[in-house]
Amino acid sequence: MTAPTNDQVPARQPGRLWETTFTQAEASVCLRTNSKAAFTHATGTLYAYEQTGPAFAHWQINLLVDGGPAYEEVEGFTDAPTVEIGPRLTAAVLARPGGRAFWVEALHTLIVTDTQQATITVRCAKEAAALHWAARLPRQAITAQLLENGAVYAHTAAFSLGGRGVVIAGHRGRGKTTTLLAGLHRLGANYVTNDRLLLRAEEEGGLAGYVWPARLRAGIGTLAALPHLAGLVPEAQRTVPAEQRWSSRPKVPIEPWDFDRLLSGDGQVLGSVRPAMLLFPRLDLERTTVSAEPVAGAEARDELLHTRLFMTDPGCGPSSHINHWLWPAPDPAITDGNLSCVVDALAELPCYRIHAGADPAALADTVGRLLGTGAEVHG
């Protein structure tokens with residue numbers, strides 16, 4: 001995967017629009033925009049989706065940079081109720097024939113949905129606003145369709161090795177990213193996701209995992225412990241004492257078009273996975289050895305249900321936020337039923353609690369032995 005550039009996007013479509021259709025399983029959405037930068041950003045960020053030219057899609061998003069709506073088009077939102085649509089970002093909402101309208105004053109953007117026509121029209125004053133929406137709205141469209149068809153959110157990392165998916169679950173700070181990056185480098189595994197997966201119990205049995213595509217964020221302790229990634233630590237954080245690196249903030253963002261840097265051997269970036277093993281990492285920096293403790297199915301099931309696949313930390317609240325403001329989420333009773341089916345399927349997989357220290361190579365070697373695979377890449 002290489003960094004997207006404006007030179008790599010298709011020629012302009014009729015009407016001076018760039019267009020692509022994103023698909024994941026049965027979900028699809030077509031993005032049309034007059035912003036080349038927004039198109040490039042969306043196609044680069046949404047790495048997990050199949051991308052084609054103009055094609056049938058269940059939803060269509062028209063993302064336009066046109067100076068934004070005139071005052072008289074939004075004056076009716078003055079006393080409208082508001083909803084949270086992101087960190088420190090709200091929208092005023094009004095019902096419209098066939099759908100709703102959202103006025104996001106902070107980004108001077110008007111978003112109008114039409115459920116009968118299955119269209120969303122987004123009008124932005126500036127290209128910076130179009131860049132904000134370019135990946136977020138198609139991703140929300142794909143996610144909403146998968147949730148409607150039985151998927152549930154899981155706060156997990158994941159990689160695949162030899163066709164076997166390894167789901168790495170846990171709350172923040174438990175070592176999901178460290179386990180993932182160690183497996184990619186040391187075992188030559190395929191990258192799936194770092195933070196979030198949509199899991200669905202399949203009618204024919206087993207589970208399917210679909211990536212919720214986003215950038216990866218890694219702590220400098222993890223990056224510094226992996227020599228091939230140490231150069232990603234920002235200059236300003238390279239002087240942080242070793243004993244403070246694992247708790248240092250902020251984390252370092254790595255964009256999807258740079259994921260190739262995380263891989264080794266024949267490793268690839270994948271958009272889906274078939275889970276075959278479940279890991280609960282527990283990093284303790286004072287440890288000098290790694291151990292793998294089998295977890296019984298009943299214990300795994302209780303933990304997964306209690307935390308709702310680690311989307312909620314019972315002691316602290318949400319550990320990974322869900323924000324469905326444009327498409328409503330399924331009825332809670334339906335979601336609970338889907339969650340129970342997914343948890344039952346996960347609890348049937350081999351599950352291990354991994355106790356590890358600050359040595360990614362030893363961690364990866366232990367995971368490799370559980371998979372019956374020796375380390376292929378050393379460094």
Side-chain angles (χ1 to χ4, degrees), residues 13 15-22 27-46 57-148 153 212-215 318 320-332:
Q13 303 297 328
R16 301 177 66 83
L17 295 176
W18 285 268
E19 179 176 351
T20 193
T21 297
F22 298 105
S28 60
V29 61
C30 178
L31 173 67
R32 293 176 178 172
T33 180
N34 63 349
S35 167
K36 192 175 185 179
F39 182 91
T40 302
H41 177 73
T43 53
T45 300
L46 302 176
H58 293 293
W59 279 87
Q60 178 175 306
I61 296 174
N62 300 308
L63 176 60
L64 306 173
V65 181
D66 64 357
Y71 171 76
E72 55 270 19
E73 295 179 82
V74 298
E75 60 180 336
F77 287 94
T78 302
D79 297 318
T82 61
V83 294
E84 181 183 348
I85 63 171
R88 298 175 297 280
L89 191 63
T90 60
V93 188
L94 290 175
R96 291 282 178 91
R100 295 182 295 172
F102 300 82
W103 169 234
V104 188
E105 186 174 10
L107 296 174
H108 205 85
T109 299
L110 179 65
I111 303 173
V112 179
T113 67
D114 187 327
T115 56
Q116 296 176 348
Q117 298 296 320
T119 61
I120 296 173
T121 301
V122 186
R123 297 178 56 200
C124 307
K126 298 180 179 180
E127 194 161 60
L131 287 169
H132 176 87
W133 305 115
R136 286 177 169 86
L137 298 186
R139 183 173 57 201
Q140 193 176 149
I142 293 287
T143 300
Q145 293 171 62
L146 292 176
L147 295 177
E148 189 68 26
Y153 278 112
W212 191 86
R215 63 176 51 158
S320 188
H321 289 278
I322 298 174
N323 192 0
H324 282 278
W325 54 274
L326 202 52
W327 283 268
D331 182 273

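Glu105 CD to Leu110 CG: the interatomic distance, rounded to the nearest 0.5 Å, is 12.5 Å. A distance of 9.5 Å separates CG in Leu94 from OG1 in Thr78, rounded to the nearest 0.5 Å. Once rounded to the nearest 0.5 Å, the distance linking OG1 of Thr113 with CZ of Phe102 reads 5.5 Å. For the atom pair Leu89 CG and Glu84 CD, the distance stands at 8.5 Å (nearest 0.5 Å). How far CG of Asn62 is from OG1 of Thr121: 5.0 Å, rounded to the nearest 0.5 Å. Rounded to the nearest 0.5 angstrom, Asp114 CG and Arg96 CZ are separated by 11.5 Å.
Taking all atoms of both residues into account, the shortest heavy-atom contact from Ala92 to Ala80 is CB-CB, 4.1 Å. Closest heavy-atom contact between Tyr153 and His324: OH-NE2, 2.9 Å. Among all heavy-atom pairs drawn from Cys30 and Glu19, the shortest one is SG-OE2, 3.3 Å. Between Trp327 and Ile120, the shortest heavy-atom contact is CH2-CD1, 3.0 Å. Annotation for Leu46 and Pro213: closest pair CD2-CG, 3.8 Å, computed over non-hydrogen atoms. Looking at every heavy atom in both residues, Leu131 comes nearest to Ala37 through CD2-O, 3.5 Å.
Each of Val104, Thr33, Leu107, Leu63 was scored for a side chain to side chain contact (heavy atoms under 4.5 Å, CB included) with Cys124, with one residue passing: Leu63. Of the residues Leu64, Val65, Thr40, the one that meets the side chain to side chain contact (heavy atoms under 4.5 Å, CB included) test with Ser35 is Val65.
For the pair Gln140 and Trp325, the minimum side-chain heavy-atom distance is below 4.5 Å. Here the side chains of Thr20 and Thr43 are in contact, with some heavy-atom distance below 4.5 Å.
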- Task: Output, in order, the C-alpha distance, side-chain angles, deciding distance and verdict of side chain to side chain contact (heavy atoms under 4.5 Å, CB included) for Lys36 and Trp18.
- Result: CA-CA 7 Å; Lys36 192 175 185 179; Trp18 285 268; 3.5 Å; yes
- When you look at Thr109 and Val122, which way does the side chain to side chain contact (heavy atoms under 4.5 Å, CB included) test go after all the steps? CA-CA 7 Å; Thr109 299; Val122 186; 3.6 Å; yes
- Please step through side chain to side chain contact (heavy atoms under 4.5 Å, CB included) for the pair Ile85 and Thr90, ending with a clear verdict. CA-CA 5 Å; Ile85 63 171; Thr90 60; 5.7 Å; no
- Task: Quick one: do Ile111 and Trp133 satisfy side chain to side chain contact (heavy atoms under 4.5 Å, CB included)? Show the steps, please.
- Result: CA-CA 10 Å; Ile111 303 173; Trp133 305 115; 4.1 Å; yes
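Trp103 and His108 have their aromatic ring centers within a separation under 6.0 angstrom.
When only modelled atom types and interatomic distance are considered, Ser28 and Trp59 share no side-chain donor-acceptor pair under 3.5 Å. Between the side chains of Thr119 and Gln60, no donor-acceptor pair of N or O atoms lies under 3.5 Å.
Under the rule for a ring-ring contact (aromatic ring centres under 6.0 Å, His included), His132 has no partner lying at least two apart in sequence or in another chain.
The local environment of CG in Asp79 is sparse, with at most 12 non-hydrogen atoms from other residues, nucleotides or ligands closer than 6.0 Å.
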